[in-house]
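Reviewing the structure listed below.
We name chains A, B, ... by the order of the sequence lines, and we start the count at 1 in each one.
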There are 4 protein chains.
Amino acid sequence: MPLLIRIDPEDDRAIYVQIMDEIRRAVLLGGLTAGEALPSVREVAAEVRVNPNTVRQAYRELQREGLLGTRRGVGSFVREDANLDDGQREAARRRVARRVLRDAYRHGLNLDELITLLREVAAPREAGGSG
Amino acid sequence: MPLLIRIDPEDDRAIYVQIMDEIRRAVLLGGLTAGEALPSVREVAAEVRVNPNTVRQAYRELQREGLLGTRRGVGSFVREDANLDDGQREAARRRVARRVLRDAYRHGLNLDELITLLREVAAPREAGGSG
Amino acid sequence: MPLLIRIDPEDDRAIYVQIMDEIRRAVLLGGLTAGEALPSVREVAAEVRVNPNTVRQAYRELQREGLLGTRRGVGSFVREDANLDDGQREAARRRVARRVLRDAYRHGLNLDELITLLREVAAPREAGGSG
Amino acid sequence: MPLLIRIDPEDDRAIYVQIMDEIRRAVLLGGLTAGEALPSVREVAAEVRVNPNTVRQAYRELQREGLLGTRRGVGSFVREDANLDDGQREAARRRVARRVLRDAYRHGLNLDELITLLREVAAPREAGGSG
DNA sequence: GTGGTCTAGACCACA
DNA sequence: GTGGTCTAGACCACC
């Protein structure tokens, strides 16, 4: 299985929040589908090099949200009745944008400076970045 | 470990500055070597009889200088590398931009979609993002 | 302040669950009223001799239930809008009874044996325990 | 610490029994003294190359015998006192009853109210509590 | 193996 | 001081 979850140590968000977001993303974007098993707490912990308790906290919060279910001695899985409508996908995208903006402000960048920089760093990958 | 830091109440310098100097001195003189763990904020605070926040301020400034590093849940330690020069600030900003972009890609957004979203969520704050 | 929370090490329930129940009890029985501050996580931890994280977990779950609110750097308190109706009081009592029964079964006692024992041990305190 | 426990695969006794005997021997011979911590279940399992559950079973049996004690989140250790005789079972039951009663009192229930509630909640299981 | 609970003790943000 | 996050690593119940 490819690495499901990626943590950014420079991201100011708590690690367990990043993990939650990565799992939400994987579910919303189809990397994980309803009923599917998630990697175990220990596996994720080993992969992203964090303490199992940190991963556990993320899984626990997602259980409360109703996205995940768990069975002791068995594992965790995406709930069948997890609502995965388009509105949630759009909300996820806006969350990303808001987070990005906060991040930029914290580093002394305003919106225009951020956009300029984004175009610059994207150039090599998108061959001009359009716009 | 013997008392690492000694504060002189008759010294005119702010206490946190004295603590910073004491730690710098310990590193330069070899009392503390690269990679070595520092005593915890609370330990130092208890030893030299100052508020933990004062010690924390000293540690934080030394982190900014690049002399110390810290790992959440573990402690503070002397960094392996030296402090960075001023031009590195620009590099840091580009790192932010690259991180942002990677985050967006992972959520299925390309550059233009991200910029559009950024302008939307920034609108209330920057009135269109150009002022 | 008298000891608000009492933990029973022989109780098989997780400690944080016991703490939750003790706080619910104090609120329902009037020992704590809406808006009132709770002892800090560290205070409770010191009183009942458990790790602060264990107390924190209890507080956190009660926040999610809507019974408690917390403000960082300030403390925790009973929420003004916590519903404390008679139905909840009755439910709390039935929870106690169910727990007691489970406890007895685990120790090889059936209902009648338990009641007999209860009357015996209560006798010195209630002078016969009635009928 | 040198290897505490040695298992003989040609020994007819169950492995967990061998482990129990090895620990008893270590305590009797002074290799382990009262209050001393035992290696963790996982450590022993790794050393003697058996399943952790097997070691756990040995530890659990020794707990029942009264030779070992365990503290959650800390580990297992040799108990200061010896094992208890059989007549203590009755005392344990009375402890249960006393605990139950204290719990009820704390929730504002007297003996009769508790018994009434117990009969109610037991009804579905014991069909009235007398059979 | 799995998830769940707990300890000890660190730093962090906030007031 | 407060609450919040995190590490390291233990035992427990269950499969």
Side-chain angles (χ1 to χ4, degrees), chain A residues 7 9 12-19 37-45 49-60 63 68-77, chain B residues 37-43 45 51-53 55-57 59-60 63 68-77, chain C residues 7 9 12-19 37-45 49-61 63 68-77, chain D residues 37-45 51-53 55-57 59-60 63 68-77:
Chain A
I7 294 308
D12 280 350
R13 292 175 302 157
I15 294 171
Y16 83 94
V17 174
Q18 293 187 50
I19 295 175
L38 272 77
S40 81
V41 166
R42 285 161 168 90
E43 273 175 354
V44 174
R49 309 293 224 71
V50 300
N51 189 284
N53 283 332
T54 303
V55 180
R56 231 210 121 251
Q57 186 174 356
Y59 276 39
R60 184 186 196 119
Q63 281 172 44
L68 302 187
T70 88
R71 289 214 324 261
R72 189 191 297 221
V74 176
S76 304
F77 51 90
Chain B
L38 273 77
S40 81
V41 166
R42 279 168 158 84
E43 272 176 353
N51 191 293
N53 284 328
V55 181
R56 180 137 51 226
Q57 185 177 1
Y59 275 38
R60 186 152 42 203
Q63 281 171 39
L68 300 186
T70 171
R71 277 190 9 233
R72 267 196 281 211
V74 176
S76 300
F77 54 92
Chain C
I7 294 309
D12 280 349
R13 293 175 301 157
I15 294 172
Y16 84 93
V17 174
Q18 293 187 51
I19 294 176
L38 272 79
S40 81
V41 166
R42 286 163 169 86
E43 274 175 354
V44 173
R49 308 294 223 71
V50 299
N51 189 284
N53 282 333
T54 303
V55 180
R56 231 210 122 249
Q57 185 174 356
Y59 276 39
R60 184 187 197 117
E61 301 275 340
Q63 282 170 44
L68 301 187
T70 87
R71 289 214 321 263
R72 189 191 297 221
V74 176
S76 303
F77 51 91
Chain D
L38 271 78
S40 81
V41 167
R42 278 168 159 84
E43 271 176 351
V44 174
N51 191 295
N53 283 329
V55 181
R56 179 137 53 228
Q57 185 176 359
Y59 275 39
R60 186 153 40 206
Q63 281 171 40
L68 301 186
T70 172
R71 283 205 346 248
R72 266 197 282 211
V74 175
S76 299
F77 54 91

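- Within 4.0 Å of R60(A), counting heavy atoms only, lie sugar-phosphate atoms of the nucleic acid but no base atom.
- Within the nucleic acid shown, E43(B) has no heavy atom closer than 4.0 Å to any nucleic acid atom.
- If you find the closest nucleotide of DNA chain F to P52(B) and to Q57(A), the one lying nearer the 5' end belongs to P52(B).
- In this structure, the side chains of Y59(A) and T70(A) stay at 4.5 Å or more apart for every pair of heavy atoms.
- Annotation: the span from S76(D) atom OG to R71(D) atom CZ amounts to 11.0 Å, rounded to 0.5 Å.
- Sequence order on DNA chain E of the closest nucleotides to R72(C) and V74(A) puts V74(A) first from the 5' end.
- Applying the side chain to side chain contact (heavy atoms under 4.5 Å, CB included) rule to T54(A) yields the partners I15(A), Y16(A), V50(A), N51(A); only residues at least two apart in sequence or on another chain are considered.
- With sequence neighbours excluded, the residues satisfying side-chain hydrogen bond (donor to acceptor under 3.5 Å, both in side chains) with R56(B) are N53(B).
- Taking 4.0 Å as the cutoff to heavy atoms of chain A, we find the contact window on DNA chain F bounded by dT5(F) to dC15(F).
- Here CG of L38(B) is found 5.5 Å from CG of L68(B). Values are rounded to the nearest 0.5 Å.
- Two residues, S76(A) and A14(C), neighbour DNA chain E, and the one matched to the more 5' nucleotide by heavy-atom proximity is S76(A).
- For R60(A), the side-chain hydrogen bond (donor to acceptor under 3.5 Å, both in side chains) test picks out E61(C), with sequence neighbours left out.
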Per-residue pairing states of DNA chain F in dot-bracket (Watson-Crick or G-U under 3.5 Å; . unpaired, | other strand) read ||||||||||||||.

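- The side chain to side chain contact (heavy atoms under 4.5 Å, CB included) check on E43(B) picks up P39(B), S40(B), with sequence neighbours excluded.
- N53(C) comes within contact range of at least one nucleobase, with a heavy-atom separation under 4.0 Å.
- Taking both residues in full, the closest heavy atoms of R13(C) and Q18(C) are given as O-NE2, 3.2 Å, listed atom of the first, atom of the second, then distance.
- The residue among S40(D) and R71(C) whose nearest nucleotide of DNA chain F is located toward the 5' end is R71(C).
- Within 4.0 Å of Y59(D), counting heavy atoms only, lies no atom of the nucleic acid at all.
- Residues V41(A) and P52(A) come closest through the heavy atom pair CG1-O, 3.4 Å.
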